[in-house]
Amino acid sequence: LEQPHTSAGRIPSDMGYRYYVDRLISDRTVQDPARQQVKQATSEGDALQELLRDTARILSRITRLLTVATTLRDHQVTVRTAVVSALGPQQALMVLALSNGHVENRMIECPSGLTLQDVGSANEFLVGAVTGRNLRSLARIKTPTAGANSASDKLLALLCGAIKQASRDLTRGKVITAGEEFMFSQPEFHGNAVALSDLLDRLTQSDLLHSTLAADGAQVVTIGRENREPLQQFSVVRQSFYVGPDEAGILALIGPTRMN
């Protein structure tokens, strides 16, 4: 428990909510009226974006929370060639040639003490770990376990970070939101509607929502300070959705940390 301010009572902390979600919460069956509303919305949409707009609108009305849908694009595009070249003692260039004809270039700041042999080893890693994989899977590429060569290890970590970011940039689709008005009815935000309005504008007009929902290894539920700023006032419940066998995006509900 924690005390928000001196005259307040005790409320559950983020850690308390995490304990509840992990150990005490039980699944509940979605009631038939709500299930029917969602089915009706999804049966009337033709294009994916229209389908998601209808679904997000219905979910926000049912839950009285902010609903966010993000889509993916080009996520099945694969990397044909991946190579890194040293441009000097402090910079290197990573080049990804993709199956759709696009060539993505990323500058890398080289760690001190890097040798041409280290660059050669990095290219061997790229051939084995990157070539032939699709962009969506590369958003979750793992950095190799550190060895005895710190400069080489740092270069591999920088390359993996650049590959993840490139993958997310190249697969970023649309962000659809619904239910912003329901956030103003939450008791936590009654006293500071202007600040909440500014915050919602920041969320919906930037890449923050997309990058947060697509974060590597993201949990299904993140609570309060488990989120990055400025989402630390909220809890986020997210779930990937699929078109056939392929992941097509993420649906999420965002509300106060104590949301039901």
Side-chain angles (χ1 to χ4, degrees), residues 21 27-28 30-31 33-77 134-137 139-140 164-165 167-186 189 196-197 199-223 226-257 259-260:
V21 168
D27 293 336
R28 291 185 293 179
V30 178
Q31 298 299 310
R35 190 187 298 271
Q36 188 58 37
Q37 281 183 290
V38 174
K39 284 184 177 179
Q40 182 177 356
T42 57
S43 65
E44 293 174 352
D46 294 326
L48 177 61
Q49 289 185 36
E50 290 301 319
L51 179 75
L52 288 176
R53 286 191 184 95
D54 290 340
T55 302
R57 186 177 67 253
I58 294 299
L59 286 176
S60 67
R61 289 176 180 174
I62 292 171
T63 61
R64 316 299 287 183
L65 298 170
L66 174 63
T67 302
V68 181
T70 65
T71 62
L72 297 174
R73 64 179 177 88
D74 294 335
H75 57 286
Q76 291 300 329
V77 170
N134 64 52
L135 291 176
R136 183 56 177 166
S137 68
R140 302 184 177 94
K164 287 180 183 179
Q165 189 58 55
S167 173
R168 290 168 184 159
D169 291 343
L170 293 169
T171 58
R172 180 174 290 121
K174 300 290 185 181
V175 177
I176 297 166
T177 62
E180 290 91 339
E181 66 275 14
F182 296 125
M183 299 296 283
F184 291 94
S185 66
Q186 302 293 338
F189 309 127
L196 177 61
S197 180
L199 176 57
L200 292 176
D201 285 343
R202 286 178 60 193
L203 292 178
T204 56
Q205 295 177 10
S206 70
D207 289 334
L208 178 63
L209 282 177
H210 203 294
S211 60
T212 297
L213 299 185
D216 184 35
Q219 301 180 67
V220 173
V221 180
T222 50
I223 302 165
E226 294 175 356
N227 298 302
R228 67 181 68 180
E229 282 284 4
L231 283 170
Q232 292 187 352
Q233 303 177 51
F234 306 99
S235 286
V236 181
V237 180
R238 61 175 65 76
Q239 179 63 56
S240 297
F241 64 88
Y242 294 78
V243 174
D246 299 324
E247 185 178 358
I250 297 171
L251 271 172
L253 293 172
I254 299 176
T257 52
M259 72 180 192
N260 186 359

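Across all their heavy atoms, Phe241 and Ile250 have their closest contact at CE2-N, 3.2 Å. Closest heavy-atom contact between Arg136 and Ser167: N-OG, 4.1 Å. Looking at every heavy atom in both residues, Ser60 comes nearest to Ala178 through CB-O, 3.6 Å. Across all their heavy atoms, Thr70 and Val175 have their closest contact at CG2-CG2, 4.1 Å.
Atom CG of Leu66 sits about 9.0 Å away from atom CD of Glu181, to the nearest 0.5 Å. Rounded to the nearest 0.5 angstrom, Met259 CE and Met183 CE are separated by 9.0 Å. Interatomic distance, CD1 of Ile223 versus CG of Leu231, reported as 13.5 Å (0.5 Å rounding). Remark: Lys164 NZ to Asp169 CG distance equals 14.0 Å, nearest 0.5 Å. If you take OG1 on Thr67 and CZ on Arg53, they are separated by 14.5 Å, rounding to the nearest 0.5 Å. For the atom pair OG (Ser235) and CG (Leu253), the distance works out to 11.0 Å, reported to the nearest 0.5 Å.
For the pair Gln186/Leu65, a side-chain contact is recorded, criterion being any heavy-atom separation below 4.5 Å from C-beta on. At least one side-chain heavy atom of Arg61 sits less than 4.5 Å from a side-chain heavy atom of Phe182. Looking at Leu200 and Phe184, their side chains come closer than 4.5 Å, going by heavy atoms from C-beta outward. Here the side chains of Thr71 and Leu52 are in contact, with some heavy-atom distance below 4.5 Å. Within the 4.5 Å cutoff, the side chain of Asn227 has heavy atoms near those of the Thr222 side chain.
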Intermediate values then yes/no, side-chain contact (heavy atoms from CB on, under 4.5 Å), Val77 and Leu135: CA-CA 6 Å; Val77 170; Leu135 291 176; 4.1 Å; yes
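Of the possible donor and acceptor atoms, none in the side chain of Thr177 sits under 3.5 Å from a partner among the backbone N and O of Val68. Proximity of a side-chain donor or acceptor of Glu180 to a complementary backbone N or O of Asp201 within less than 3.5 Å is not detected. Judged by distance alone, the side chain of Arg73 and the main-chain N or O of Arg172 form a donor-acceptor pair under 3.5 Å.
A search for side chain to side chain contact (heavy atoms under 4.5 Å, CB included) contacts involving Gln233 returns Phe189, Leu199, not counting sequence neighbours. By the side chain to side chain contact (heavy atoms under 4.5 Å, CB included) test, Gln232 pairs with Arg225, Glu229, sequence neighbours left out. Residues passing the side chain to side chain contact (heavy atoms under 4.5 Å, CB included) test with Gln76, sequence neighbours excluded: Asn134, Asp246.
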